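Note sheet for the following structure.
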Amino acid sequence: MAVFTELSDEDRQIISAAYGFTSLLSVIGIADGDSETTYLFRTGEGEYIVTLFENGAQPLDLERAFETMEALYRHGVPCPKPLRTLDGDATSMAAGRLVAVVSFVPGASPTFAGPAKCQSLGRVMAQIHTILERRVKCASRDLPTGAIHGALVQANVFFLGEEVSGVINFRLRHEDALVSELADVLVGWAGETNGELNKERARALLQGYQGIRCLTEAEKEALPGFIMASTSKRFASRKERALLPEIAVLAYQSVTPDILG
């Protein structure tokens, strides 16, 4: 069931004081959902997204998400700039809810992404992976690991024109093989209804990615298997699940050398 927490005038002032807003020009409720309430605060310092977490959020998780966004923002990745409280905390409290504040990013989530958008997404994902990759000595057969976004779905990626203008929602950030997220994004953004990858969109996404970060030979060899696994997850709860083995094989076979480049 959808939820939405109304902010009283006192709640708005509590938030403003916690983050040092000198003037509050307007407050607009922009979204509701099962786990969070979101507002746009227009202030004398700028525009900010204020999120009230209804359940499940922990201060430590949000601190980790903030640290990730701060690192990415410093390196020029298009993502919100986290705003800490005047005391330096990632969260505050208002209306009995945990609160987090980030800068507003322009743009909109796409209902469909053609090759140009896929290429831009590939570049941004590679930037994220390059910045957050664990710098450890490993054997040539090992898969590079690091912090990944964890949910690079359409709802969490904004575009202005064909370029990514912002990546949001880093709450699912976690450590994993980088190629696992690449596979999830390929399936989510370039996967067809029969499980195959659309070659044009997949090629564009991989070109964008490898323009920033080249895949290792081990990653190239592992990618078809990760694509198969990601496709299986995607279709497991759908009516097509009876055909899941055939769909997964098609996905595996669609990772051809001309797509990898």
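Computed from a prediction, not measured in an experiment: that's the story for all the values here. These values consider heavy atoms only, across backbone and side chains, with no hydrogens, waters or symmetry-generated copies.
- Taking the side chain as every heavy atom from C-beta outward, His129 and Tyr209 approach each other to under 4.5 Å.
- Listed by first then second residue, pairs satisfying ring-ring contact (aromatic ring centres under 6.0 Å, His included) with a partner in residues 55-80 number zero, not counting sequence neighbours.
- In this structure, Ile28 is a member of the same hydrophobic cluster as Val102, with clusters built from ILVMFWY side-chain heavy atoms closer than 4.5 Å.
- With sequence neighbours excluded, the residues forming a side chain to side chain contact (heavy atoms under 4.5 Å, CB included) with Gln127 are Val77, Pro78, Val124, Ile212, listed by chain and number.
- No side-chain heavy atom of Val255 sits less than 4.5 Å from a side-chain heavy atom of Met228.
- If you check the side chains of Glu175 and Thr145, you find no donor sitting under 3.5 Å from an acceptor.
- Of the charged side-chain nitrogens involved, at least one lies within less than 4.0 Å of a carboxylate oxygen, so that Asp258 and Arg203 count as a salt-bridged pair.
- Identified under the salt bridge (Lys or Arg N to Asp or Glu O under 4.0 Å) test for residues 70-81, with sequence neighbours left out: Glu70-Arg84.
- Panel note: side chain Thr5, backbone Thr37; no donor-acceptor pair is recorded below 3.5 Å.
- For Thr91, the side chain to side chain contact (heavy atoms under 4.5 Å, CB included) criterion is met by Pro59, Leu62, Leu98, not counting sequence neighbours.
- The shortest side-chain heavy-atom distance between Leu206 and Leu186 falls under the 4.5 Å cut-off.
- Around the CZ atom of Phe104, the shell of radius 6.0 Å holds more than 12 heavy atoms that belong to other residues, nucleotides or ligands.
- Not counting sequence neighbours, the partners of Ser23 by the side chain to side chain contact (heavy atoms under 4.5 Å, CB included) test are Leu25.
- Applying the salt bridge (Lys or Arg N to Asp or Glu O under 4.0 Å) definition to pairs two or more places apart or across chains, none involves residues 8-22.
- Hydrophobic clustering places Leu143 together with Leu182 (ILVMFWY residues linked when any side-chain heavy atoms are closer than 4.5 Å, directly or through intermediates).
- Under the 4.5 Å side-chain criterion, counting only non-hydrogen atoms from C-beta, Gln154 is not in contact with Phe112.
- With sequence neighbours left out, the ring-ring contact (aromatic ring centres under 6.0 Å, His included) criterion links Phe21 to Tyr48.
- Considering only residues two or more places apart in sequence or on other chains, Arg213 meets the salt bridge (Lys or Arg N to Asp or Glu O under 4.0 Å) condition with Glu133, Glu219.
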With a cut-off of 3.5 Å and sequence neighbours excluded, list every side-chain donor-acceptor pair involving residues 155-170.
{"unit_1": "Asn156", "atom_1": "ND2", "unit_2": "Ala151", "atom_2": "O", "d": "2.8"}
{"unit_1": "Glu162", "atom_1": "OE1", "unit_2": "Lys117", "atom_2": "NZ", "d": "3.3"}
{"unit_1": "Glu163", "atom_1": "OE1", "unit_2": "Ser120", "atom_2": "OG", "d": "3.2"}
{"unit_1": "Glu163", "atom_1": "OE1", "unit_2": "Arg123", "atom_2": "NH2", "d": "3.0"}
{"unit_1": "Glu163", "atom_1": "OE2", "unit_2": "Arg123", "atom_2": "NH2", "d": "3.3"}
{"unit_1": "Ser165", "atom_1": "OG", "unit_2": "Pro106", "atom_2": "O", "d": "2.6"}
{"unit_1": "Ser165", "atom_1": "OG", "unit_2": "Phe158", "atom_2": "O", "d": "3.3"}

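- Taken together through direct or relayed side-chain contacts under 4.5 Å among Ile, Leu, Val, Met, Phe, Trp and Tyr, Phe226 and Leu260 form part of one hydrophobic cluster.
- The list of salt bridge (Lys or Arg N to Asp or Glu O under 4.0 Å) pairs with a residue in residues 92-111, not counting sequence neighbours, reads Glu54-Arg97.
- With sequence neighbours excluded, the residues forming a side chain to side chain contact (heavy atoms under 4.5 Å, CB included) with Leu132 are Thr68, Leu72, Ile128, Ala147, listed by chain and number.
- Residues passing the salt bridge (Lys or Arg N to Asp or Glu O under 4.0 Å) test with Glu47, sequence neighbours excluded: Arg42.
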